[in-house]
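Working notes for the structure below.
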Amino acid sequence: MAFSDIIKTVKNETSDAIEVTKLKAKISKEKTNIKDAYEEIGEFIYNKYKTTNTADSEIMDKLQKIDEAKAKIDDYNLEISKVKMN
């Protein structure tokens with residue numbers, strides 16, 4: 001194999017690696033977009049549940065877990081305030 005052939009092969013492999021890296025970055029961005037959309041859907045459903053007090057029975061336990069977690073966060077923040085006051 002001639003030196004010029006080796007250079008061409010290295011260039012091609014480098015170009016391929018760069019292209020694959022760019023495509024993987026685009027895939028990562030789209031996965032983030034999907035995650036964000038799921039989060040927005042979840043927030044929408046939760047807010048609807050909070051205003052109507054109704055939801056599909058299939059997700060009611062998940063919505064109640066969010067309420068419980070928010071209550072715990074409020075309690076922890078209250079404890080933090082008490083500790084800071086001492």
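Here the structure is a predicted model, which is why all the values come from computation and not from measurement.
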Euclidean distance, Lys48 NZ relative to Ile45 CD1, rounded to 0.5 Å: 8.5 Å

Pairwise distance CG(Asn47) to OG1(Thr52) - rounded to 0.5 angstrom: 10.5 Å

Nearest-0.5 Å distance, CD of residue Glu19 to CG of residue Asn12: 13.0 Å

same_hphob_cluster(Ile66, Tyr38) at 4.5 Å side-chain heavy-atom cutoff: no

Hphob cluster co-occupancy, Tyr46 + Ile41, side-chain heavy atoms under 4.5 angstrom: yes

Spatial distance of atom CD (Glu30) from atom OG1 (Thr32) [nearest 0.5 Å]: 9.0 Å

Inter-residue atom distance Lys70.NZ - Ile73.CD1, 0.5 Å rounding: 8.0 Å

Nearest non-hydrogen partners of Thr54 and Met60, listed with the distance: C-CE, 4.4 Å

Cluster link Tyr49 to Phe44, ILVMFWY, side chain under 4.5 Å: yes

Side chain proximity check, Leu63 to Lys50, heavy atoms < 4.5 angstrom: no

Any donor-acceptor N/O pair, Ser15 side chain to Lys11 backbone, under 3.5 Å: yes

Separation between CD of Glu79 and NZ of Lys72, rounded to the nearest 0.5 Å: 12.0 Å

Single-linkage hydrophobic cluster Val83~Ile80, side-chain heavy atoms < 4.5 angstrom: no

